[in-house]
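Note that this is a predicted model, so its numbers are computed, not measured.
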Amino acid sequence: METYRELNLEIPKDIESVKESVHRFAKDVLRPAAAVLDGMTDPREVIALDSPLRKVFKQSYQLGYHVAGLPVEIGGMGLHGLGMHVLIEEMSWGAVDLGLSLLCASFPFTAAAASGNPELHEKFVLPYVADREGSMIGCWAITEPQHGSDELVPGTPQFHNPRVTGQVVARADGDSYLINGQKAAWVSNGTIATHAALYLTTERKAGMAGGGIAFVPLDLPGVSKGKPLNKLGQRGLNQGEIYFDNVRIPRTWMLTGSNGYELELERTLTFANSAMAAAFTGVARAAYEQALEYAKQRIQGGQAICEHQLVQKHLFEMFTKVEACRALSRAVMIYNQTSTTPSLEHAIAAKTFCTETAFQVTSDALQVFGGNGLSKEYGIEKLFRDARASLIEDGTTDVLSLAGARHILSHNGVTAHAAA
């Protein structure tokens, strides 16, 4: 079983076509490549020029998936709402680590396109759209060694605490900015990226709220990178440190200044949380489908284990959880990408629910496999490890839940300080 029953009886034909094509790509390309990458003990092998990772990027770019979120007018696929959810879920069904890597690759270029800056458009966005080799790879550079989820809580008192500031700082210098500091080892695509959407500090006295977002080519003088991170799960998703030593960029490459930073960060988080919810809906679905297939084939007590009532109960509970994830994550992404007032609290609710649920479903699926679930031969333990990482990445469940609670309370007349 590799497909689910589509409950939307009016799904557009173009989105149905995207669903089918991305599913084939996820099945035939992403899943086999991710299994090979997961087995590499040295993360430097993962990013080697002859690695399957490079082939995945090239094949994805040749199919145009790198421009999924860019407007049709400039050569993009123009996916949003339901279409974007379908793409993310299908890719993540195949391999969430590679799906997230490909999604992050577009981040700086999408931001540059939205900025309306003609220089960035001509010099970077259009070449990215035309790229069919996977040679231009972006990253979302926000996490820092001394900061994690605390960078993801705009609107809170601590976000405005002047004693807590970012570690990557941009200082105005004539018609340029000079950038200094370090990003942490958790930057997705960090050691393979050619360009960054760099979240930095421009006004220290404003605390974490005194930030900005810059478009930064990573081949500029003063940029260096650390080694790729060796981690438990999502091993196909390259992550690593980036260092900035008097890196000079034109002032016009600062996409967002401190005046608009908090609002822009909220928008970023709204999409990021919505995307994570869609991605781990795909992970939960993959685990459920593999458990179902295994249960029909595995014989215990003289019959397939799917004939045992306890296994049936577990399978139905997994099925229900996957459907709940899709219903919530779809609704949130559709609303947030079509409404003029996106809801961060709903995006957070979707992210925390779907990632927690994916971890539960992968754990239950592993249990259905029994001892075989612990073996790398079957691959279910990779899904379990990948899902566990989701409870931490892009904001831990606990911190995001508190941030979501603050938004709910603020809508009901409770000040941020009283909600602390």
Side-chain angles (χ1 to χ4, degrees), residues 18 22 54 56-81 83-84 87-88 91 99-142 170 175-177 179 183 187-190 192-200 211-221 223 238 242 244 247-257 260-261 263-265 267-272 274-275 336-338 342:
V18 168
V22 177
R54 304 292 182 169
V56 164
F57 267 90
K58 183 174 182 177
Q59 288 176 274
S60 176
Y61 281 44
Q62 288 176 340
L63 291 168
Y65 296 146
H66 65 303
V67 294
L70 287 171
V72 174
E73 295 75 24
I74 63 171
M77 292 178 66
L79 293 183
H80 67 281
M84 183 60 72
L87 179 136
I88 295 172
M91 283 196 173
L100 293 177
S101 183
L102 293 170
L103 188 65
C104 286
S106 67
F107 204 94
F109 307 101
T110 302
S115 72
N117 183 315
E119 179 188 5
L120 293 177
H121 182 78
E122 292 295 326
K123 193 170 184 178
F124 301 107
V125 176
L126 291 182
Y128 174 73
V129 171
D131 184 10
R132 292 297 180 269
E133 298 298 316
S135 59
M136 300 179 73
I137 299 174
C139 68
W140 175 25
I142 185 169
D175 60 356
S176 304
Y177 279 102
I179 303 172
K183 287 299 178 181
V187 175
S188 294
N189 292 342
I192 62 172
T194 58
H195 300 77
L198 180 62
Y199 286 59
L200 39 69
I213 306 171
F215 183 94
V216 182
L218 297 177
D219 60 354
L220 294 177
V223 176
N238 165 254
I242 308 177
F244 302 88
V247 177
R248 186 179 295 273
I249 64 168
R251 273 181 175 263
T252 54
W253 292 7
M254 186 69 70
L255 305 177
T256 302
Y261 178 69
L263 178 60
E264 194 57 41
L265 180 59
R267 289 174 179 164
T268 302
L269 293 176
T270 298
F271 175 73
S274 300
N336 281 336
Q337 291 205 313
T338 56

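For the pair I179/V223, no side-chain contact is recorded, criterion being any heavy-atom separation below 4.5 Å from C-beta on. Side chains of S115 and L120 form a contact here, defined as non-hydrogen atoms less than 4.5 Å apart. Within the 4.5 Å cutoff, the side chain of S101 has heavy atoms near those of the F57 side chain. By the 4.5 Å heavy-atom criterion applied to side chains, H121 and I74 are counted as neighbours. Contact check for F109 versus L126: no side-chain heavy atoms found under the 4.5 Å cut-off. Side chains of I142 and L265 form a contact here, defined as non-hydrogen atoms less than 4.5 Å apart. For the pair Y65/S106, no side-chain contact is recorded, criterion being any heavy-atom separation below 4.5 Å from C-beta on. Contact check for V22 versus M91: side-chain heavy atoms found under the 4.5 Å cut-off.
Smallest separation of non-hydrogen atoms from V67 and G75: CG2-O, 3.7 Å. Closest heavy-atom contact between V247 and P221: CG2-O, 3.7 Å. Summarising the geometry of P108 relative to A197, their closest heavy-atom pair is CG-N, 3.4 Å, with the distance given to 0.1 Å. Considering all non-hydrogen atoms of both residues, M254 and A170 come closest at CE-CB, 4.0 Å. Looking at every heavy atom in both residues, Y61 comes nearest to R132 through O-CD, 3.1 Å. Residues L70 and A113 share a closest heavy-atom pair of CD2-CB, 3.8 Å.
To the nearest 0.5 Å, the span separating CG on L102 from CD1 on I137 amounts to 9.0 Å. A distance of 13.0 Å separates CH2 of W253 from CG of L198, quoted to the nearest 0.5 Å. Note: N238 CG to I192 CD1 = 4.5 Å, rounded to the nearest 0.5 Å. Taking CE from M77 and CG from L63, the interatomic distance works out to 9.0 Å, rounded to the nearest 0.5 Å.
No donor-acceptor pair closer than 3.5 Å links the side chain of N336 to the backbone N or O of P342. Although no hydrogens or angles enter the test, the distance criterion places a donor-acceptor pair under 3.5 Å between the side chain of H66 and the main chain of Y128. Remark: side-chain polar atoms of N117 are not paired, donor with acceptor, to backbone N or O of L255 under 3.5 angstrom. Under the 3.5 Å distance criterion, the side-chain polar atoms of K183 are left unmatched by any main-chain donor or acceptor of W140. One N or O on the side chain of D131 and one on the backbone of S135 form a donor-acceptor pair closer than 3.5 Å.
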>> With side chain to side chain contact (heavy atoms under 4.5 Å, CB included) as the criterion, how do T268 and Y199 come out once you've worked through the C-alpha distance, each side chain's angles and the decisive distance to 0.1 Å?
In response: CA-CA 11 Å; T268 302; Y199 286 59; 2.9 Å; yes

> When you look at L263 and T256, which way does the side chain to side chain contact (heavy atoms under 4.5 Å, CB included) test go after all the steps?
Replying inline: CA-CA 10 Å; L263 178 60; T256 302; over 6 Å; no

>> Determine whether E133 and R54 satisfy the following criterion, side chain to side chain contact (heavy atoms under 4.5 Å, CB included), listing intermediate values before the conclusion.
In response: CA-CA 9 Å; E133 298 298 316; R54 304 292 182 169; over 6 Å; no

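The environment of CG in D219 is crowded: more than 12 heavy-atom neighbours from other residues, nucleotides or ligands sit within 6.0 Å.
Ring planes of F215 and F124: tilted class, angle from 30 to 60°.
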